[in-house]
Amino acid sequence: MTDISLLRQVPDHQEVFADAQTDASIIIEILESVPHKGIEALEYHYEQVSDLNADDQPHQFLHVGPLSLDSVAKDSAFILCGQQEAAKFNEGAQAKNTVVVCMALLRLPEHSTDILVTKNTPTRISSKSSSHTDSQQPMVVDAKRLLEEFTAMLKTFTINNRDIFG
C-alpha cells in the first residue's frame, strides 16, 4: 500500500494508505469522541461515511460486535463490516462502486478520543468509475476473509505515545 500523503495533502488527524492494484484503502483517524455509547458510536461513524458517499441504500451489515483489543482500548473497541455504494472523487451516481467497509472504533475515554480505523475493499468497480480498466477481471471477495484479515491487522495496532492526546 502507498502512503497517500506522498501524493496529496491528508488532514493532520488522518493517515491514508491505498493499493493501486485493488483500489483498497486503509484510513486511520483520530477524532473527538462522539456522544454515543458502544456499538452505537461505531454505527454513527459508519452513517457519517455512508452520508459522505451518498449511499442511499439500506445498510447491509455483514458483522457488528465488540472487539478484544485490551492493550489499546480495554472494553471500548468495536468492529463492523458493511457494504456501501460509493463513487470516488464525487464522480456521481453512475460511477458508484460496491465496497465492503470494515470499520473499527477504539474509544479512549480518558482522552475524549475515538480512533477510527477503516478498510475499504471494492467488490465491484463501475464501468463509469475512474478506477475502471478495460482489462479488469471480475472481483471475487470473501467478506468473511476480509473481516478476519482486518481483525488480525487490528490486533497489531499499538499506541506508542499517548502524550499525543494531550
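No hydrogens, no waters, no symmetry mates; every other heavy atom, side chains included, goes into these values. Numbers here are sequence positions counted from 1.
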Disulfide (SG to SG under 2.5 Å): pairs with one or both residues in residues 12-63, sequence neighbours excluded: none
Residues forming a side-chain contact (heavy atoms from CB on, under 4.5 Å) with Glu32, sequence neighbours excluded: none
Heavy-atom closest pair, residues Ala143 and Leu62: CB-CD1, 3.6 Å
Test item: Lys119 side-chain N/O and Ile27 main-chain N/O as donor-acceptor pair under 3.5 Å: no
Test side-chain contact (heavy atoms from CB on, under 4.5 Å) applied to Met1 and Thr22, Val16, Ile26, the passing residue: Ile26
Heavy-atom closest pair, residues Pro66 and Ile39: N-CD1, 4.3 Å
Heavy-atom donor-acceptor pair, Thr151 side chain to Leu147 backbone, under 3.5 Å: yes
Partner residues of Tyr44 under the ring-ring contact (aromatic ring centres under 6.0 Å, His included) criterion, sequence neighbours left out: His36
Where Gln21 and Asp19 come nearest, the two heavy atoms and their spacing: N-OD1, 2.8 Å
Closest heavy-atom pair and its distance - Phe165, Ile115: CZ-CD1, 4.0 Å
Heavy-atom pair of closest approach, residues Pro122 and Asn120: CD-O, 3.9 Å
Phe17 side, atom CZ; Thr2 side, atom OG1 - distance, nearest 0.5 Å: 10.0 Å
Neighbour count above 12 (heavy atom, 6.0 Å) for Glu110 CD: yes
Shared hydrophobic cluster for Leu67 and Phe61 (ILVMFWY, side-chain gaps under 4.5 Å): no
CG/Asp51: more than 12 non-hydrogen atoms of other groups inside 6.0 Å: yes
Note, Leu31 side chain near Thr113 side chain (heavy atom, < 4.5 Å): no
Backbone of Met103 reached by a side-chain donor or acceptor of Thr118 within 3.5 Å: no
